[in-house]
Amino acid sequence: MLAEATETYDAQTYPLTTEELIEAVGDTTLELPNGTETLADALGRLTSETYETPEEARLATYSAVSSKAIGRKGYSDRDPVAMGEGGPDQVSF
């Protein structure tokens, strides 16, 4: 998902704050399974932090992308619904 941003992140000089990172790479577009968004959109959801390495910046971005980055919401054929939680309605194809 962040293949578009990897080279951009690696080319920056660290440490960088969230705001500096948005200014430097914010116009980079991420191609997500259910649409697109810019790095500025994703990073704008974060509180101000200082990233020491490109890897820290990438991990923070993973945590901030929208629901456009997931496939089918609530879908899992492996994890049972926890006790006391309501799960998604069963879908038959």
Side-chain angles (χ1 to χ4, degrees):
M1 172 184 71
L2 289 179
E4 301 92 347
T6 298
E7 289 180 21
T8 306
Y9 279 175
D10 290 345
Q12 304 307 308
T13 302
Y14 292 84
L16 282 175
T17 65
T18 302
E19 294 77 17
E20 292 168 332
L21 196 57
I22 290 171
E23 186 176 322
V25 302
D27 60 346
T28 303
T29 300
L30 299 173
E31 297 292 331
L32 305 173
N34 294 310
T36 63
E37 71 181 22
T38 64
L39 284 174
D41 294 334
L43 293 169
R45 296 182 187 101
L46 300 173
T47 59
S48 185
E49 292 186 48
T50 299
Y51 307 104
E52 299 293 331
T53 65
E55 183 65 14
E56 285 182 13
R58 278 191 288 276
L59 291 175
T61 304
Y62 277 125
S63 72
V65 292
S66 71
S67 61
K68 293 177 184 177
I70 59 175
R72 287 179 26 204
K73 292 181 186 177
Y75 175 78
S76 175
D77 62 352
R78 294 179 178 34
D79 299 326
V81 176
M83 290 178 54
E85 289 185 4
D89 293 334
Q90 189 173 20
V91 177
S92 178
F93 293 101

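Values reported hereafter were calculated over all heavy atoms of this structure, with side chains retained and with hydrogens, waters and symmetry mates removed. These figures come from a predicted structure and were not determined experimentally.
In terms of modelled atom types and a separation under 3.5 Å, the side chain of Thr18 and the main chain of Glu49 share a donor-acceptor contact.
The OG1 atom of Thr28 sits 9.0 Å away from the CG atom of Leu21 when rounded to the nearest 0.5 Å. Separating the CG atom in Leu43 from the OG atom in Ser48 is a distance of 11.0 Å, to the nearest 0.5 Å. The distance from atom CD of Glu20 to atom OG1 of Thr13, rounded to the nearest 0.5 Å, is 10.5 Å.
Across all non-hydrogen atoms, the minimal contact from Ala64 to Arg45 is O-NH1, 2.8 Å. The nearest pair of heavy atoms linking Glu37 to Val65 is OE2-CA, 3.4 Å.
Here the side chains of Asp27 and Thr38 are not in contact, with every heavy-atom distance at 4.5 Å or above. A heavy-atom distance below 4.5 Å is not found between the side chains of Leu39 and Ile22. Between Tyr51 and Leu59, the closest side-chain pair of non-hydrogen atoms is not below 4.5 Å. Side-chain contact between Pro54 and Gln12: absent, with no pair of heavy atoms (C-beta onward) separated by less than 4.5 Å.
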### Query
Taking it one step at a time, do Arg58 and Asp10 satisfy side-chain contact (heavy atoms from CB on, under 4.5 Å)?
CA-CA 10 Å; Arg58 278 191 288 276; Asp10 290 345; 2.9 Å; yes
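The 12-atom threshold is not exceeded at CD of Glu23, counting heavy atoms of other residues, nucleotides or ligands nearer than 6.0 Å.
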